[in-house]
Amino acid sequence: MAEERNNETLAAAEELSEQRRIRRGKLDALRAAGQDPFLITRFERTANSKEVKENEQLMDAEVIVAGRIMSRRIMGKASFCHIQDEEGVLQLYLRRDDIGVESYQGFKAMDIGDIVGVKGKVFVTKSGEVSVHADELTLLSKSLIPLPEKFHGLKDTDLRYRQRYVDLIMNPDSRRVFRMRSDIIRSMREYLDSRRFMEVETPILQTSAGGAAARPFITHHNTLDIDMYLRIATELHLKRLIVGGFDRVYEIGRIFRNEGMDTRHNPEFTTVELYAAYMDVVDIMNLTEDMIRYIALKVLPEAIVEFEGEKIRMDLPFKRATMAELVKEKTGIDFTVLSDAEAYEAAKAAGFAELKEGMTRGQLLYEGFDQFVEKTLIQPTFVLDHPVEVSPLAKRKPDEPWLTDRFELFVCGSELANAFSELNDPIDQYNRFLDQAKQREKGDDEAHVMDDDFVMALEYGMPPTGGLGIGIDRLVMLLSGCYNIRDVLLFPTMKPMGAAAKKEEKEVEPVAEQAVEAVKEVIDFTGVEVEPLFADAVDFETFSKSDFRAVKVKACEAVKKSKKLLKFTLDDGTGTDRTILSGIHAYYEPEELIGKTLIAITNLPPRAMMGIESCGMLLSALHTVEGEEKLNLLMVDDHIPAGAKLY
């Protein structure tokens, strides 16, 4: 089977290589004839495909168009072809007697993917298709690699992201999404500029990473000989500008966080953050709703979008509720009237996951929201009054100081926006930074760092201020109906092709070249300790009731707000996806496990973890080296089909 697969891969590679050789031969012939298309530096167009097809005034008029050949139909002395430009596809009609024998022969030698310029008259064919009757044809660029026949039919779907240029050529929906992204950002700027917000730019390289709870990327500045960080938020610099006297500022910019990757997270992403002096969280909430509705109406007919099977109404007023109210609805626990100890016992009785002794009611309230509420918020919902423990930069509520004047906007079970009345008390801010620093000392590498300069800025005095952050990528996902963040990023973060290419070369290497004897890896097990084997025997009948199955990983992502859990979507051979959660994020990143074949126990009762039902258990091998725990997920040969039972 492996040899057959290698032969197929080699045949496909040889076929591609042969096609490239033929196309290069055609280019050599063109150059020898003095017709090198790559020497052309400019081509003047008078219309695009959309204008030709929609502008009635161009009918029977002469136009000059250009585009990529996407199809051809050669019929002796006359031919049809379709070219594609940025606006769409346009049909051309070419006759030998009109463009000349030499030019017509040149057209017949062209390939799908070549870029041409055409001069001719607009007309309508007998079938009713608006076309251009060519008088002149110019080859502007030679395509040396054939386009895929059907891009979505490629086995390696990652190529859509790795080779976005091919995706954009072959997939009209991808072009639609990225046009919409541009329209969304343009509309956002229009809205904010019209309300006297000033767009600014703040540093991406920073000496400390602040403004959010996240792990940064670290780099080194050679001249200054200091480590620097790619920013994880724009917040603290924008607030410094409020201190400096700019009343309304915003920045649309790239953010970098060295964290997990899944369908909703990419290490670099785009946000808008804005700050307005003399506004509070309610003002910002009204502004947020009005701005999102304004943008939705700009890019959608009625500000209504279909997403994950739900009709999301951006045209209706957004729901508003406190976090405590929402958690009480789902769990029956009213955290506003409980002490820390009472809250812990109530959470324990309600089945909260990952409880730790000493958790405050604020931390427990947030855990309850995360586990039981967040995923249920489908229609746009403002969640108000977050605990102070998870809001180190927000102002406390005067009547309930354990809560803050903060909201998050949730749509389709995911956070879209975050805002609060900004903390402008430098003493309170300093103490909160100290609390965050203590959490870092305990091992929380996502806790906020101390920023003495920002505290100093607050000491000069910052007016009452409202602030807002919106994830632009998620907003684009929502409005465009995309389920994967990679579909709205032109060039998402991917593993280097080099490693994948080397692996592929090794798989398809001819047998003759594999004759060199492989050097066996020597593994040192001298420092390894394993858990003692169980002394007690288990009867065969009990053991046989455990259903061990091979499962294929269809998708894998980090569980939000959990440092340990990965969520696996598995093919177990039944035709219905199985979800299993496993606490192995410290050992594996989600992306590297997709496509692997694992072993799972599939007949365990469902277990709720972080509000998600885990149906089974993946098998791992545990051992220790010098007191440090090591883990290896049990992976098996990919030839084993999903659902195969282990005996």
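Keep in mind that what you see is a predicted model, and the values were worked out from it rather than measured. For reference, positions follow the sequence shown, starting with 1.
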I'd like to know whether [atom1] of [X] has more than 12 heavy-atom contacts from other residues, nucleotides or ligands below 6.0 angstrom.
{"X": "Y430", "atom1": "OH", "answer": "no"}
{"X": "K397", "atom1": "NZ", "answer": "yes"}
{"X": "K311", "atom1": "NZ", "answer": "no"}
{"X": "K328", "atom1": "NZ", "answer": "no"}

Under the rule for side-chain hydrogen bond (donor to acceptor under 3.5 Å, both in side chains), what residues qualify as partners of K554, not counting sequence neighbours? D577
Quick one: side-chain hydrogen bond (donor to acceptor under 3.5 Å, both in side chains) partners of E325, sequence neighbours excluded? T322
Is there a donor-acceptor contact under 3.5 Å from the side chain of [X] to the main chain of [Y]?
{"X": "E259", "Y": "R215", "answer": "yes"}
{"X": "R164", "Y": "F491", "answer": "no"}
{"X": "R231", "Y": "I255", "answer": "no"}
{"X": "R607", "Y": "L581", "answer": "no"}
{"X": "Q379", "Y": "K319", "answer": "no"}
{"X": "R474", "Y": "E415", "answer": "yes"}
{"X": "R361", "Y": "T336", "answer": "yes"}
{"X": "E273", "Y": "T234", "answer": "yes"}
{"X": "D262", "Y": "H265", "answer": "yes"}

What pair of heavy atoms forms the shortest contact from [X] to [Y], and how long is it?
{"X": "D451", "Y": "F454", "value": "OD1-N, 3.0 Å"}
{"X": "A350", "Y": "F372", "value": "O-CZ, 4.1 Å"}
{"X": "R578", "Y": "T602", "value": "NH1-O, 3.1 Å"}
{"X": "S421", "Y": "V281", "value": "OG-N, 2.9 Å"}

Sequence neighbours excluded, the answer for side-chain contact (heavy atoms from CB on, under 4.5 Å) partners of R254 is R181, F256, E268, T270, L489
Scan side-chain atoms only and decide if [X] and [Y] contain a donor-acceptor pair under the 3.5 Å cut-off.
{"X": "R406", "Y": "S391", "result": "yes"}
{"X": "T360", "Y": "E389", "result": "yes"}
{"X": "D167", "Y": "S174", "result": "yes"}
{"X": "T202", "Y": "E251", "result": "yes"}

side-chain contact (heavy atoms from CB on, under 4.5 Å) partner of M261, the single match among R486, E557, E592: R486
To the nearest 0.5 Å, what is the distance between CD1 on I599 and CG on L633? 10.0 Å
Sidechain N-carboxylate O distance under 4.0 Å for K239, E422: yes
Is it true that K395 and D428 have a side-chain N and a carboxylate O under 4.0 angstrom from each other? no
Mind checking whether H386 and Y366 have parallel, tilted or perpendicular rings, split at 30° and 60°? tilted
Answer yes or no: is there a side-chain heavy-atom contact under 4.5 Å between [X] and [Y]?
{"X": "L622", "Y": "E629", "answer": "yes"}
{"X": "L478", "Y": "M314", "answer": "yes"}
{"X": "Y588", "Y": "N632", "answer": "yes"}

Counterpart residues, ring pair (Phe, Tyr, Trp, His ring centres under 6.0 Å), relative to F307 (two or more places apart): Y483
Under the rule for ring pair (Phe, Tyr, Trp, His ring centres under 6.0 Å), what residues qualify as partners of Y344, not counting sequence neighbours? none
Out of T597, D572, T569, which residue meets the side-chain hydrogen bond (donor to acceptor under 3.5 Å, both in side chains) rule with K552? T597
Please tell me whether F369 and F410 form a close aromatic pair, meaning their ring centres lie under 6.0 Å apart. yes
Sorted by chain and residue number, the salt bridge (charged side-chain N to carboxylate O under 4.0 Å, His left out) partners of D571 (sequence neighbours excluded) come out as none
